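Report on the following structure.
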Amino acid sequence: MKSATHPLETMRIVTIKDSNTTKRIVMKSVSDTKLFAAQCVKNLRGGDVLALSGNLGSGKTTFTQMVARELGVKESVTSPTFVLMKLYAVPKHRNGIFQVCHIDAYRLESSAELKTIGGHEYIADQNTLTVIEWPEKVRNMVPKSAVWISFALDDKVE
Amino acid sequence: MNILGIESSCDETAAALLEVRRGKATLHSNIFSSQIDIHAHYGGVVPEVAARNHVLTIIPVIQEVLGAVVPDTIAVTAGPGLVTSLSVGVTVARTLSFLWNIPLIPINHIEGHLYANWLGGKSSDIQFPALVLIVSGGHTELIMMSDHGKYKKIGQTLDDAAGEAFDKVAKILGLPYPGGPAISRMAVGGDAKRFDFPRALLTDKDRLFDFSFSGLKTSVLYLVRDLKQAKKYTRRLLPHICASFEQAVVDVLVSKTLRAVKKYRVRSVLLGGGVVASTLLRAQIKEVMADQAPQVKLFIPELKYCTDNAAMIAVAASFHAKKKDGIPWQKLDVRGGWEL
């Protein structure tokens with residue numbers, strides 16, 4: 001049995017929810033995801049919080065990598081699962097974003113745990129774009145203004 | 001000189017006592033209070049749980065290791081790792097350093113893993129330059145080591161660490177934590193050629209020595225999803241899926257290592273980290289090295305020194321002690337993102 005050449009070449013459905021609207025986008029390829037990340041970056045400002053939900057392998061970290069690259073982050077954005085939180089400088093601060101804080105709540109049990117590692121300070125910081133994976137696990141720490149983006153594999157498509 | 005080593009960067013609270021006399025190191029004791037049982041319940045390390053258990057176990061573990069001995073130096077893992085876990089070991093080390101008025105040596109966890117190769121009889125054969133492959137739950141890195149304390153990272157994972165891929169795939173397959181041993185056990189008797197998972201060999205010239213395991217994880221996810229949709233997913237397939245997955249990881253690790261050996265003309269290859277406990281990885285790298293680079297000496301730590309332990313921290317410190325790298329306790333801080 002042969003598996004797909006690139007894991008993101010499978011169709012994904014992305015649902016974006018902010019305080020006013022809900023939008024549903026179908027992404028068919030890696031370049032669609034890149035385009036979507038670039039679109040997102042245009043609308044992002046320092047202090048914004050992205051809450052990325054979706055199962056293992058649904059594309060949350062890949063999307064974060066694309067957002068960071070689009071912002072001009074030089075280092076490679078790697079999975080924060082092990083250390084819970086990683087910081088990346090945005091050298092040519094764009095839209096008032098000076099750094100990206102990448103949080104992975106996969107291993108956390110409660111909002112209080114995110115606080116012990118200082119996550120709330122970045123979430124509240126006006127110069128930081130905070131991206132939170134597995135936000136359901138730390139719901140109390142996700143501000144009302146956060147944009148929720150949920151990733152799902154399209155099970156009906158082959 | 002007696003060195004007390006302390007390690008608490010993830011889920012092991014560990015301490016060790018190493019005596020160095022006339023250049024000869026003797027390990028007097030090396031114990032850890034494994035927390036894996038607690039974390040298995042949650043399917044992974046839970047940071048707060050880890051930190052709280054480090055607090056409970058660290059003093060008894062150190063007491064057990066020291067007996068009546070007062071060490072001359074304390075070596076402690078200062079990073080990289082979970083800040084909440086690291087701070088338990090660092091705080092205890094600072095306190096003991098103050099009480100006994102002895103120097104502290106902060107050790108990088110990755111450096112500790114590679115020094116696990118000096119915990120054995122054959123370490124006098126290690127020659128520089130050496131290529132180091134560190135593979136664990138949080139790290140997958142290739143490092144050039146030109147001498148003691150001299151490192152240059154030449155490659156690393158661009159997304160998930162190899163051990164993390166094992167943990168996440170185990171979760172997808174409904175196998176227990178930690179994923180490495182669970183998958184290896186399940187893979188016994190499985191057909192590693194049954195499923196052709198992708199090997200991210202990354203041939204771009206600036207990515208030659210980097211790794212990527214996220215796509216592999218996702219491939220397993222798709223396979224399971226597709227098999228479930230076709231109503232063909234049964235437990236009987238698990239050995240084949242596990243064997244095929246483990247083979248894909250090992251193929252990438254071995255071929256990247258060999259690629260670096262050929263490019264950098266090293267004299268030794270050193271392995272380290274929890275994933276090195278994989279029997280498949282140990283066997284295949286031995287075979288490939290003997291076949292393709294017989295002039296290069298391969299060093300693989302004993303199983304008990306692959307996973308997190310404090311003996312490796314103490315032995316790394318014994319080399320730093322020669323250079324008088326000790327610092328006063330006031331200057332030691334947790335370095336969660338410490339790059340070697």
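Reckoned from all heavy atoms, side chains included, excluding hydrogens, waters and symmetry mates. What you see is a predicted model, and the numbers here were worked out from it, not measured in a lab.
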What's the shortest heavy-atom distance between F82(A) and C10(B), and which atoms?
CE1-SG, 3.6 Å

How about L82(B) and R107(A): do any of their side-chain heavy atoms sit closer than 4.5 Å?
yes

Output the distance between atom OG1 (T64(A)) and atom CG (D159(B)), rounded to the nearest 0.5 Å.
12.0 Å

State the CG-OG1 distance between L84(A) and T84(B), to the nearest 0.5 angstrom.
6.5 Å

Run the side-chain donor-acceptor check on residues 232-244 of chain B: report pairs under 3.5 Å with partners two or more places apart or on a different chain.
| unit_1 | atom_1 | unit_2 | atom_2 | d |
| --- | --- | --- | --- | --- |
| T234(B) | OG1 | R236(B) | N | 3.4 |
| H240(B) | ND1 | D191(B) | N | 2.9 |
| H240(B) | NE2 | R194(B) | NH1 | 3.3 |
| S244(B) | OG | D191(B) | O | 3.3 |
| S244(B) | OG | A192(B) | O | 3.4 |
| S244(B) | OG | F195(B) | N | 3.2 |
| S244(B) | OG | H240(B) | O | 2.7 |

Value for CD (E164(B)) from OH (Y106(A)), rounded to nearest 0.5 Å, stands at 9.0 Å

Picking from G138(B), G163(B), G137(B), which has the most non-hydrogen pairs under 4.5 angstrom with chain A?
G138(B)

Atom group of K217(B) that falls short of 4.5 Å from chain A, counting heavy atoms
side chain

Considering only heavy atoms, give the residues of residues 67-80 of chain A separated from chain B by less than 4.5 Å, sorted numerically, with 'none' for an empty result.
S76(A), V77(A), T78(A), S79(A)

Might you confirm whether atom NZ of K17(A) has over 12 heavy atoms from other residues, nucleotides or ligands at distances under 6.0 Å?
no

Report the distance from atom CG of L56(A) to atom NZ of K168(B), rounding to the nearest 0.5 Å.
6.0 Å

Residue pair L221(B) / L153(A): nearest heavy atoms and the distance that separates them
CD2-CD1, 3.9 Å

For chain A, which candidate among V83(B), T157(B), L158(B) shows the most heavy-atom pairs at distances under 4.5 Å?
L158(B)

